Amino acid sequence: PRGLFGRKAKSTVSAEEVETDIHGVDFNQLIAEAVGKQQYKRAVRLHYLKSLKLLSDREWIDWRPHKTNYEYIRELKNPDMVPDFRRLTSLFEYVWY
């Protein structure tokens, strides 16, 4: 598709759009696009959001757009996953922030 003045329109979804509804996102496609464009920081963020989606789908967390990462750790309903999810969160935050 062409945008204004004949330039190619953006096909990527913004981070804000992803964060407002993680359940309607094709994370595999967005991650592949980010890696293909060497946007590795974005790819890591998308992987983390995909993890939140999977946890929410299993009803192990109650996903909400404005919760903090540590709120998810505290509410995780599968105690065996807490150490791994805490480590994943720490690694994500190291890369993102």
Side-chain angles (χ1 to χ4, degrees):
R2 297 277 175 201
L4 187 62
F5 303 115
R7 285 185 279 159
K8 195 171 183 179
K10 282 186 176 182
S11 64
T12 59
V13 178
S14 73
E16 293 80 22
E17 291 170 314
V18 170
E19 291 174 9
T20 57
D21 181 19
I22 62 172
H23 296 287
V25 175
D26 182 351
F27 282 104
N28 293 332
Q29 177 187 350
L30 293 176
I31 292 166
E33 287 175 9
V35 170
K37 294 177 182 177
Q38 298 181 349
Q39 297 172 341
Y40 302 118
K41 187 175 174 179
R42 182 171 190 258
V44 168
R45 183 172 185 80
L46 290 166
H47 270 290
Y48 188 76
L49 290 170
K50 181 180 176 182
S51 298
L52 292 177
K53 178 190 178 305
L54 294 171
L55 292 172
S56 178
D57 288 348
R58 292 184 175 106
E59 298 181 354
W60 290 347
I61 62 168
D62 179 29
W63 180 83
R64 300 281 181 230
H66 299 291
K67 280 189 176 179
T68 68
N69 297 334
Y70 289 93
E71 286 177 297
Y72 293 123
I73 292 171
R74 284 193 305 270
E75 77 177 44
L76 191 57
K77 294 176 182 159
N78 183 336
D80 295 334
M81 293 192 65
V82 170
D84 290 335
F85 186 65
R86 182 178 287 124
R87 174 109 170 107
L88 175 68
T89 300
S90 295
L91 291 171
F92 159 69
E93 290 183 348
Y94 178 80
V95 170
W96 187 252
Y97 300 109

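Only heavy atoms go into these numbers, but all of them, side chains included; no hydrogens, no water, no symmetry mates. On a predicted model such as this, the values are computed, not experimentally measured, just so you know.
- In the hydrophobic clustering of this structure, V44 does not group with L91; members are Ile, Leu, Val, Met, Phe, Trp, Tyr whose side-chain heavy atoms approach within less than 4.5 Å, directly or through other members.
- Taking all atoms of both residues into account, the shortest heavy-atom contact from K41 to V95 is CE-O, 3.8 Å.
- Counting heavy atoms from C-beta on, the side chains of L54 and W60 never come closer than 4.5 Å.
- In this structure, the side chains of W63 and I22 come closer than 4.5 Å at one or more pairs of heavy atoms.
- Considering every non-hydrogen atom in both Y72 and R64, the closest pair reads OH-O, 2.7 Å.
- Counting all heavy atoms, side chain and backbone alike, E93 lies closest to N69 at OE2-ND2, 2.8 Å.
- Atom CE in M81 sits 10.0 Å away from atom CD1 in I61 (nearest 0.5 Å).
- Within the 4.5 Å cutoff, the side chain of L49 has heavy atoms near those of the L52 side chain.
- Considering only heavy atoms from C-beta on, V25 stays 4.5 Å or farther from K53 through its side chain.
- R87 is not listed as a side-chain neighbour of F85, based on a closest heavy-atom distance of 4.5 Å or more.
- N28 is linked by a side chain to side chain contact (heavy atoms under 4.5 Å, CB included) to D26, K50, counting only residues two or more places apart in sequence or in another chain.
- Ion pair E75/K67 flagged as a salt bridge, since at least one NZ, NE, NH1 or NH2 atom sits closer than 4.0 Å to an Asp/Glu carboxylate oxygen.
- Ring geometry for F92 against Y48 counts as parallel: the plane angle stays under 30°, on a 0 to 90° scale with 60° as the upper cut.
- Closest approach of L46 to I31, counting heavy atoms only: CB-CG1, 3.6 Å.
- If you take CZ on R42 and CD on E33, they are separated by 7.5 Å, rounding to the nearest 0.5 Å.
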Exercise for review: Could you walk me through whether D57 and H23 pass side-chain contact (heavy atoms from CB on, under 4.5 Å), step by step?
Suggested key: CA-CA 9 Å; D57 288 348; H23 296 287; 3.2 Å; yes
